[in-house]
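Letters go in sequence order (proteins before strands), and every chain restarts at 1.
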Amino acid sequence: MSDNLTHHELSARYDPTGIEAPIYERWLGRRAFHVPAETAQNPYVIAIPPPNVTAALHMGHGLNNTIQDVLIRYMRMRGRDAMWIPGTDHAGIATQNVVERELAGEGLSRHDLERDRFVQRVWEWVDQYGSTIIEQLKTMGCSCDWDRTRFTLDDGLSRAVREVFVRLYEKGLIYRGNYIINWCPRCRTALSNEEAEHREVVGRLYHIRYPLADEDGQYVVVATTRPETMLGDTAVAVHPDDKRTRHLVGRAVALPLVGRRIAIIGDEYVDPEFGSGFVKVTPAHDPNDFEIGVRHDLRRVNVMNGDATINEEAPEAYRGLDRFVARDRVVEDLDKLGLLVTVEDHVHSIGHCYRCNTIVEPRLSLQWFVSMRPLAEPALAAYREGRLRFHPERFGGTYEHWMTNVRDWCISRQLWWGHRIPVWYCRDCEEITVSREDPAACGVCGGELDQDPDVLDTWFSSWLWPFSTLGWPEETADLATFYPTHTLSTAPEILFFWVARMVMAGLEFAGDLPFTDVLLHGTVRDAQGRRMSKSLGNGIDPLEVVNLFGADAMRFTLVSAAALGTDLQLDHQDLESSFRVGRNFANKIWNAVRFALANVTEADGSTDPMTTDLELADRWILSRFARTSETVSGAFDRFRLHEAADAAYQFVWGEFCDWYLELVKTRLKGERGEGSRKAAAATLASVLDGWLRLLHPIMPFISEELYCHQPGRTEEDTIIAGPWPAPPERWTDPEAEAGLDALQEIVGAVRNLRSDYGIDPSRRIDVVVARPPAAVADALAAETEGLLRLGRLESVRLAEAAPSGEPGAHAVLRSGAELFLPLAGVVDVDRERSRVSAELERVEGLLSGSRRKLEDPRFTDQAPEEVVEREREKRRSLEERHALLVQKRTAFGSQ
RNA sequence: GGGGCGGUAGCUCAGCUGGCUAGAGCGCUGCGUUCACAUCGCAGAAGUCGGGGGUUCGAGUCCCUCCCGCCCCACCA
C-alpha cells in the first residue's frame, strides 16, 4: 500500500505505476511465496517450465507464467501450501549458438578458444544475462519460491543427470552405436528426431540411369531427391516378387560417376507400385537404406564431412563441395553422360534443425541412445489408467500416439556447452568406464582414460526437472514433501520434447508421476493470426505492456483471451486495443472501490450483513456473489481460467457496479434511515472484500492494494494469503434474484421507451405498471426509490390496467405485467402501433414454437421434468403477453 | 499417408455432459457534464451458428458427408 494513502486520496484514474513494485517487495519481505518443507501440510506444487537462459521474455512466457501464477495464488488462498519452483535451462545448442555468434563478431570461432575457455566464456555470458528473464517474471507478479531457483547446470542437477545416465547404462537402456541420425551441418551435431522439424518444401525428383554392368546399353532407372548421395550408393534394390525387375537380382550396375560395381538385390522394402521399381541404396545416408544394408550386409559409404561437404570417399571432382553444390554438379555431370532421364518438381517433407533451421542431413554416425520402449510402457499405463490427465483432453491422444510409437532417443551432442557424457575410454584396452565420479584410471588395465568429448541433449537434464530441482537423487525433505508436483502448464509444442519424457523419468527414477495434470495453453498470435516470432518482428514485449497498462491489465487480458484449448490473438501494432479490456477493467475496479470506500466506515466492514435488515438489493447481491464465487472456484478447479475471469468480470462490472452500487447510493448517504444505510454498507463491504479476493489470482496487485485500503485493514493484512471466499449457503436467495430480475426488466423497458421516443434524459416522467404479479409488486415496493432514479421517473403507479384512450408508450413484460408511459404529445400513434405489431409478431413466433413443443406428448413424457416445467412457464408468460399485445393492437386499430 | 483442431454478429472469440427467446468484448449508430469511473453511462442495429443429410420430443451442441482454413505426426525412393 502506498504510504498512508486514504481513500480520499485515491485518484480518479488507476495508475499502476508506483503501486505494483512496492507491493511485490512487500510480498517478498514477508516471504509470502516461500514454503518450508518442514511445515507444509497440504502442498500444491508447480515446477516452472524453465525458460532458456538465452531467452528474453515474450508473450508466450507472459501467458504461461500468468496461468501458473493464477493457479498458485488460487491454491495458496484456498489454504494449500502452494509452492512454485522457478529456474532456467542451460539450453545447449541455443546458448552455444548465441555465444558463438558473439565470438564471430570478434572474428573468432570456439575452436580458437578451445574447449575450457569457450565453456568459461559461456558461463560468463550466462552470469551476465542469464537471470534477466527471472527478474522479468517478478515484474509480472509471479509468486515463485525464489529461494528454490534452479539451473539445469547446477551442481545438484548435474549430479542427477549423471546418476540417471549411469543407472540407465547399468540397466542396459543406454547404448552406443552407429546409426543414421539427424545431423545439423551448421551446428555440427547430432539431433534427436524431435529436434528435426519436418516442413514441406518443393524439391525435385531426379530420375537417373544406372547402366547394367557387363551389358552394354542396358540400364535401370532409379529416382532420388538427393542425387549427391549416389556417391555413397552400395546397391540397387528391387522387390523380390516384382515380375518386371526380379530377374535382375544378382546382377550388378556400374555406379555412374563413381565407377563402383554395385549389386542389384531383392528387398521387401521396395514398393513395386512406385516409380520404376528400382531403388538406389545409400546405407550411410538414409535410414531405410541403412536397414536394407543391415539385411544384406552392404558397405556403408559415408560421403560427407560434418559440415556436409563431400569427403574423400567420393571421386575427387566432388570433394570439398557443399552438398547442394555437389548436387548440382552431380546432376550436371549425369546429364552430360546422358544418364539423367527426367527432373520433376516434388513436394516432400524434410527435416530442419529446430535451432538454426538448417536442412538436416540424415547421416551415419556413432552416437549414444536411450532405449525408450521400456520407459514408455509405465508412462502409457499412467495415462490409460487416468492417473495422468491432459487439459484439453485431446492432447492425451497425441501423447498416447507418441508413446506408442516412441523411438530411441539420440542423446549425444557434439557440443561443448552442456553436461559432459560420463563415459571414459581407455587408451590401452577396450574398456569403457561409465561412472558417477570421474575415474582416475582404467579399472581393468590401469591405463589412461579419455572422457567422451560429447555432451548430452539439453532435454536429458530437463526431463528430470520436477525432481532434480527438489534434490534428487538425495532423499531430501523437499523431495519427500513436494514430489510429485501437481500441475504442469506449458505449450503443446514441447509435449514430446519435454512433457512425455518427464513422465517417463518421473516414473522410472522418482517412483511416481512428476505431476497429475498437464495444462496445454494456446499459441499467442498476431492480428493476422501468425505466430509471434523474432524474425517476423511481430512480438509483444510483456514488460512494455506492464509499463503501459500494468501487470494486472496484462494478466487479465491474457487470461480472458485464452479459453482452454484455443489460441489467442493480439495486435502488436496496437497494444492499446489489445489490452484495453484489462486496463479498463482495472480502472473500473479502482473506481468502484474508491466510491465504496468513501461510503463505508470501519464498523461497516466488520458487520456481518446477515445481522442487519437486508433489503432486496442487498439480498440480491449477496446471492449473486455466492453464485459467482462458486462459478469462479469451479472454473479454476477445472483449469478453465478464462471462465473464471469472465464470471468475475461480469459480476463486478455488470452486477456490482451497474446495479448494486447504483441502487444503494442514496441508502449509503442515510437518506433512507440508519438501518437501511447499515445494511447497505455492511453488504457492500462484505461483497467488495469477497470479489477482491476472487480477483486476486488474476489481478494480484490491484486487489492487494485495494484490499489494504478497506476500513480496519493495515499494512499488516494481506490478501495473498487468503482466505478464499466461502459465502454461506444462506446468501443464496432465488427470490431476491427473481425480484431484482423483474426490476431490471422494468428499468430496461423504461429506458428503451425513453430512448426510442427521444425523451430528454433530464425529463422526469411517470410510469404505470399494470397488473404486476405479487412478487413483482413487492420488488417494486422494495426498490421504488431505485426504480425512480434509474428510470429517471417522477412517479410509479400500480394499476389494474393501463389507461386506455390515453396517448403513451407501451411495453409488455415477461411477468405479464404491462408498462405504460403516459406521454401526451410525444408518442406517435403510428409508431406505437408498429412497435406493438413487431413485438406481437415476435411473441407469436415464440409462442407457437412453445405450444408445439408442449402439445407433443413425446416432449412432455420424455424431457426432464424441470425442462418441461420451464417450458410451461415460458408458454404462460408468452400467452399473457400475447393477449395483451393483441388487445393493444386492437386498440390502435380502432383509433 | 495417418491423426487432430477450427469455421457462431463487421472483427476477436465464449457457448463444457443436446433443452437457447444464441452471448461477451471491440467496432458501429443515437443519446448523455445523473456528485466512483468518458479507461464512463444508457439505448440500438447487427447472426439461415460453413453447406447438405441424419439421429432425437428437441441439435450451435451428437453422427455422416462435402467445402474452406490451420496444426501435429509419418522412412515411400
Side-chain angles (χ1 to χ4, degrees), chain A residues 10 12-14 180 198 205 222-226 237 269-271 273-276 278-282 286-291 346 348-349 362 392 394-395 397-398 401-402 405 492-493 495-496 523 527 529 549 553 560-561 563-571 576-578 580-581 583-599 638 640 642-643 646 649-650 654 657-658 661-662 665 747-748 751-756 758-762 789-790 792 814 842-843 845-847 849-850 852-853 856-864 866-868 870-871 874 878:
Chain A
L10 294 181
R13 277 189 174 202
Y14 175 55
I180 302 285
H198 287 263
L205 186 60
V222 298
T224 179
T225 52
R226 295 192 293 153
Y269 165 75
V270 180
D271 178 1
E273 304 298 311
F274 187 90
S276 64
F278 294 96
V279 177
K280 67 190 270 306
V281 182
T282 323
D286 182 281
N288 299 311
D289 294 5
F290 178 84
E291 293 301 326
H346 182 70
H348 61 145
S349 168
R394 76 181 118 93
F395 286 109
T398 313
H401 183 257
W402 186 83
N405 299 290
E493 55 263 31
L495 191 58
F496 310 135
T523 306
F549 312 117
S560 66
L564 187 60
T566 68
D567 291 349
L568 61 162
Q569 289 200 1
L570 297 169
D571 188 347
E576 196 196 306
S577 87
S578 295
R580 184 158 21 210
V581 183
R583 182 199 58 175
N584 291 1
F585 187 40
N587 190 61
K588 188 72 179 179
I589 290 166
W590 182 261
N591 277 289
V593 176
R594 193 161 70 97
F595 168 77
L597 297 187
N599 289 283
R638 294 181 307 146
R640 295 182 157 261
H642 135 270
E643 251 173 68
D646 214 46
Y649 181 93
Q650 291 302 335
C657 292
D658 288 351
L661 288 185
E662 294 304 329
K665 273 179 178 169
V747 170
R751 285 169 168 172
N752 178 315
L753 292 173
R754 292 186 69 120
S755 176
D756 252 24
I759 293 162
D760 190 316
S762 63
R789 204 151 35 79
L790 297 182
R792 305 208 49 78
R814 285 199 301 272
R842 200 178 70 88
V843 168
L846 294 174
L847 182 57
S850 188
R852 205 178 313 122
K853 256 188 185 174
D856 186 340
R858 289 176 304 181
F859 173 69
T860 48
D861 293 350
Q862 291 175 49
E866 57 179 85
V867 172
V868 177
R870 213 180 308 145
E871 196 60 39
K874 188 168 122 191
L878 288 168

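- The residue Gln569(A) sits close only to the backbone: its heavy atoms come under 4.0 Å of sugar-phosphate atoms, none of a base.
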Dot-bracket notation for RNA chain B is requested: 5' to 3', Watson-Crick or G-U wobble pairs only, both distances under 3.5 Å, with ( ), [ ], | and . as defined.
(((((((..((((.....[...)))).(((((.......))))).....(((((..]....))))))))))))....
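- Considering only the side chain of Val581(A), G25(B) comes nearest among U21(B), G25(B), C57(B).
- With hydrogens and angles ignored, a donor-acceptor pair under 3.5 angstrom links the side chain of Glu662(A) to the base of A36(B).
- Annotation: C16(B) and G7(B) have their P atoms spaced 12 Å apart (nearest Å).
- Contacts of Arg792(A) with the nucleic acid, taken as non-hydrogen atoms under 4.0 Å apart, include base atoms.
- Each of C57(B), C13(B), A77(B) was ranked by its minimum atom distance to the side chain of Ala863(A); first place goes to C57(B).
- Backbone-only engagement by Phe496(A) is indicated by non-hydrogen atom pairs under 4.0 Å involving sugar-phosphate atoms exclusively.
- Nearest nucleotide to the side chain of Val867(A), out of C13(B), G19(B), A74(B): G19(B).
- Side chain Glu291(A) to base C75(B): no donor-acceptor pair is found below 3.5 Å.
- Taking only side-chain atoms of Arg394(A), from C-beta outward, the nucleotide of G19(B), C73(B), G4(B) with the closest atom is G4(B).
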Where along nucleotides 39-49 of chain B does protein come under 4.0 Å, by heavy atom, of base (B) or sugar-phosphate alone (S), with - for untouched nucleotides?
BSSSSS-----
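- If you take atom C1' in C28(B) and the same atom in U12(B), they sit 16 Å apart, rounded to whole Å.
- Side-chain atoms of Arg842(A) come within donor-acceptor range of the base of U21(B), with a qualifying N/O pair under 3.5 Å.
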